[in-house]
*Asks:* 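Input: one structure, supplied below.
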Protein chains: 2
Amino acid sequence: MTTTTEENYLKAIYHLSTGNQDSVLTSAIAGSLSTSSASVTDMIKKLSEKNMVEYERYHGVKITRKGEKVALSIIRRHRLWEVFLMDTLKFKWDEVHDLAEELEHVSSDELTKRLDAFLGFPKFDPHGDPIPDTNGKVHSNGQVLLSEITKKGKYILSGVNDHSPSFLQYLEKKGLIPGSIFSIVEMDEFDNSMQIIFSNKSPSLLAKKLAKTF
Amino acid sequence: MTTTTEENYLKAIYHLSTGNQDSVLTSAIAGSLSTSSASVTDMIKKLSEKNMVEYERYHGVKITRKGEKVALSIIRRHRLWEVFLMDTLKFKWDEVHDLAEELEHVSSDELTKRLDAFLGFPKFDPHGDPIPDTNGKVHSNGQVLLSEITKKGKYILSGVNDHSPSFLQYLEKKGLIPGSIFSIVEMDEFDNSMQIIFSNKSPSLLAKKLAKTF
DNA sequence: AAAATAATTTAGACAAGTCTAAATTATTAA
DNA sequence: TTAATAATTTAGACTTGTCTAAATTATTTT
């Protein structure tokens, strides 16, 4: 039905869509997939033919409900495989992304269903991202960006938005992994920095937009 | 390094090679992969360039040690995934082949290694086929074709050569699964048939070449 | 051993996905 | 609101893997 390439485009468009109402720009998709704008234009035409996106030339695309469903099914598979790779095969959290990127394209709903059951119907992946359900619904469970917290107090690190191995390794070295409890002890409006304490260790200054928390 | 298509060609050539010394014919490969002879010729040239096969035009191909290693690594992955699908995800033995056919192309030796460990280093897949080791060695453990047995007596069904879902379902309905003990009670040289008894049920006449046994 | 048949290869074309360079359209600046 | 710049699309080409039809080589038959 959909090729691996189409699936990757839909995933990218979906991710670029979430949290902003506007159309997704050709150049943004090209950047996200490390390909040329010309290639993106070609593929967008194809996806538009299949009613996966709404396309108006020179004005980017909007993903349709149909396209979104495909994207969410791939994202569901991706995150379930990540759980499998960490929980079952004991990979580290900075190693699972690239493998899941391949496994997500194995096209069997029955496989996804059984994997889900085997893993105990997990609701979040190892990076704290919610796993969409079979109907393409996402339950985000009150997570909030660290950069958007306005009150001091205790929080739990539930996940991160940056999945790059280097960032994940950095966090792990600091002792910050999903589930870590930390306290915001000081917030400075001048430069949007905050001081946090965690793991009974010394305070550490972290840049904003570090993590999703609740 | 190798594409999915190249891997599938090498697998087919390897399977057609085992147990016969000769070159593998273009038409045999075409038949096995349900493609045209013209396509096979094209791909063979490519594999020959990469020293995966030795090619003499109009006279078929022989797989090289290099090509064989690639084939065996894919077959190893295939069979490990089959074990995973049956043992861990509880698929039935006639459902695992097609899924494993997709999973085998996920290219990570580390993944294969960890999957192997998780499954407890299995030596055979659910159809009784031996799982090649990391070095590309196959330990076949004294299995023998049912059609080549000459003595009456008790045997264990260790596997089958025909992996088609319909045949596997037929066997399962009869109660013949890997591990089943059966006795050959009569052999008829006239038509190469044999009478076997298994599972405390009534005798059943089975065609030759049904299964590998030891 | 020549003729007929079967198998294989070549030639030319196609689809998917990609690229660069040129042309077009939007946006920003003056 | 025209000029300059930036983004997007089109045009044409390339790669991988495939196909059909025609040409070539092997094999079998007589």
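In what follows, every chain begins at residue 1, and chains take the letters A, B, ... in the order their sequences are listed.
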*Asks:* Give a yes or no on this: more than 12 heavy atoms of other residues, nucleotides or ligands lie within 6.0 Å of atom NZ of K50(B).
*Replies:*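 More than 12 within 6.0 Å, yes.
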*Asks:* Of the non-hydrogen atoms in V24(A) and S17(A), which two are nearest, and what is the gap between them?
*Replies:*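 Nearest heavy atoms, V24(A) then S17(A): CG2-OG, 3.4 Å.
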*Asks:* Would you say that more than 12 heavy atoms from the other residues, nucleotides or ligands in this model lie under 6.0 Å from the CD of E110(A), or not?
*Replies:* yes
*Asks:* Rounded to the nearest Å, what distance is computed from the CD atom of residue E49(A) to the P atom of nucleotide dG17(C)?
*Replies:* 14 Å
*Asks:* Can you name the closest pair of heavy atoms from M86(B) and P126(B) and give their distance?
*Replies:* SD-CB, 3.0 Å
*Asks:* Grab the two heavy atoms, one from A100(B) and one from W81(B), that are nearest each other, plus how far apart they are.
*Replies:*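 So the two residues come closest at CB-CB, 4.3 Å.
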*Asks:* In the 5'-to-3' direction, what one-character label does each nucleotide of nucleotides 6-19 of chain D receive under the scheme B = base within less than 4.0 Å of a protein heavy atom, S = sugar-phosphate only, - = no such atom?
*Replies:* --BBB-----SSBB
